[in-house]
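All residue numbers refer to positions in the sequence shown, counting from 1. Atoms within each ligand, like the ligands themselves, are counted from 1 in listed order. Keep in mind that this is a model prediction, so the values were computed, not measured.
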Amino acid sequence: MDKHAFYQLSVQCVEAEIDFVSETFQQLRGRDGVTLREDFCGTAQTSCEWVERDMAHISYAVDFDPLVLQWGEQNNVKRLTTEQQQRIKLLNSDVLTVKTPPMDMILAMNFSYFIFMSRVEMRHYFEAVYQSLVSDGVFFLDAFGGYEAAKELTEERECDGFTYIWDQAYFNPITSEMQCYIHFVTDEGIRMDRAFSYYWRLWTLPEITELLTEAGFQQVDVYWEGTDEDSGEGNNIYTPTRQGTADAGWICYIVAQR
Ligand SMILES: C[S@@+](CC[C@H](N)C(=O)[O-])C[C@H]1O[C@@H](n2cnc3c(N)ncnc32)[C@H](O)[C@@H]1O
């Protein structure tokens, strides 16, 4: 029963994430990205994937929780080669104040930046990211929404050896603040309730994209997922568009170019 191991197995797909950011950066900038900063890094799994991909790659992973960084160090960074370990830095810092060398890419994934509750706070974070990028740097975020995003509900998904439960426990329509939890139950019936807790604001895409523009980003695009013709489900291919679909639940990427 290790909540971080369960999280990595059920929530994250760092291979697809790194495929998306490296291909998109290359398409937009006509060069390969080298330096990547993973904000809200948790166990720093994405940073490990980045340094494993190429000998030139360098990663900074930022989280203000020393315990999750320690877990990432012991379980993810330690399994890299010594040479790869030298190209990754774990920083126990707040993303609002962290100081890093200018970065090609900065990532804020799994909606972690939704914890900023006001426009002022969110713009402050976006401005800090802008200042931390090289002149042709790119900021990658993801977002979720859809008409079920504001509903109080639970969703279960079977994983290998356990069940992942996403719990939208509380939503306040006046502030758009919501309380979400992740619970896990092993196949033997052992429960790990509220393994992760997120109190955050359900931001809309216009709010986020407008704030990124206010923070100085030259171009901000939403990359929407295509549909698999046979299954009618998402096909994991994200392309820039101005027209989405009114799905019950969607996840998309936002790409902000400095
Ligand atoms: C939802 S997890 C994200 C884990 C990982 N990035 C992913 O994609 O799944 C959010 C993480 O953000 C960290 N965090 C929240 N606010 C932060 C802040 N202001 N500065 C740094 N880390 C923060 C928490 O400690 C937690 O580990």
Decide whether Q12 and Y7 meet the rule of one side-chain donor and one side-chain acceptor closer than 3.5 Å. no

Looking only at protein heavy atoms, what sits closest to atom 6 (N) of ligand 1 is F40 O, 2.5 Å

Distance under 4.0 Å to a non-hydrogen atom of D63: what atoms of ligand 1 satisfy this? 11 (C), 12 (O), 13 (C), 21 (C), 22 (N), 24 (C), 25 (O), 26 (C), 27 (O)

Proximal candidate to atom 14 (N) of ligand 1 [heavy atom criterion; set F196, F64, Y125, W71]: F64

Of the listed options (Y113, W200, Y198), which comes nearest to atom 1 (C) of ligand 1 when hydrogens are ignored and any heavy atom counts? Y198

R31 vs D104, salt bridge (Lys or Arg N to Asp or Glu O under 4.0 Å): CA-CA, chis, key distance, verdict: CA-CA 10 Å; R31 68 179 182 93; D104 290 334; 2.8 Å; yes

Within 4.0 Å of some non-hydrogen atom of D65, the atoms of ligand 1 are 25 (O)

Can you list the atoms of ligand 1 that are under 4.0 Å from a heavy atom of S93? 20 (N), 21 (C)

Residue-ligand contact Y7/ligand 1, heavy atom below 4.0 Å: yes

Tell me, which protein residue and heavy-atom name are nearest atom 10 (C) of ligand 1, and how many Å apart are they? S112 OG, 3.7 Å

Kindly determine whether T163 and E156 satisfy side chain to side chain donor-acceptor pair (under 3.5 Å), including the steps that lead there. CA-CA 7 Å; T163 304; E156 293 193 9; 5.2 Å; no

Measure across A246 and Y147 and return the closest heavy-atom pair with its distance rounded to 0.1 Å. O-CE2, 3.4 Å

Take every heavy atom of L96, measure it against each atom of ligand 1, and state whether any distance is under 4.0 Å. no

Nearest 0.5 Å, please: how far is CZ in R119 from CD1 in I208? 11.5 Å

Measure the distance from atom 20 (N) of ligand 1 to every protein heavy atom, then report the residue, atom name and distance (to 0.1 Å) of the closest one. V95 N, 3.0 Å

Residue-level breakdown please: for Q45 versus ligand 1, do any non-hydrogen atoms fall below 4.0 Å on the side chain, on the backbone, on both, or on neither? neither

Sub-4.0 Å heavy-atom approach of A108 to ligand 1: no

Centroid-centroid distance, F40 to Y125, less than 6.0 Å: yes

Between ligand 1 and D94, can you find any atom pair, the residue atom being a heavy atom, that is separated by under 4.0 Å? yes

If we number the atoms of ligand 1 from 1 as shown, the ones under 4.0 Å from a heavy atom of I115 are 16 (N)

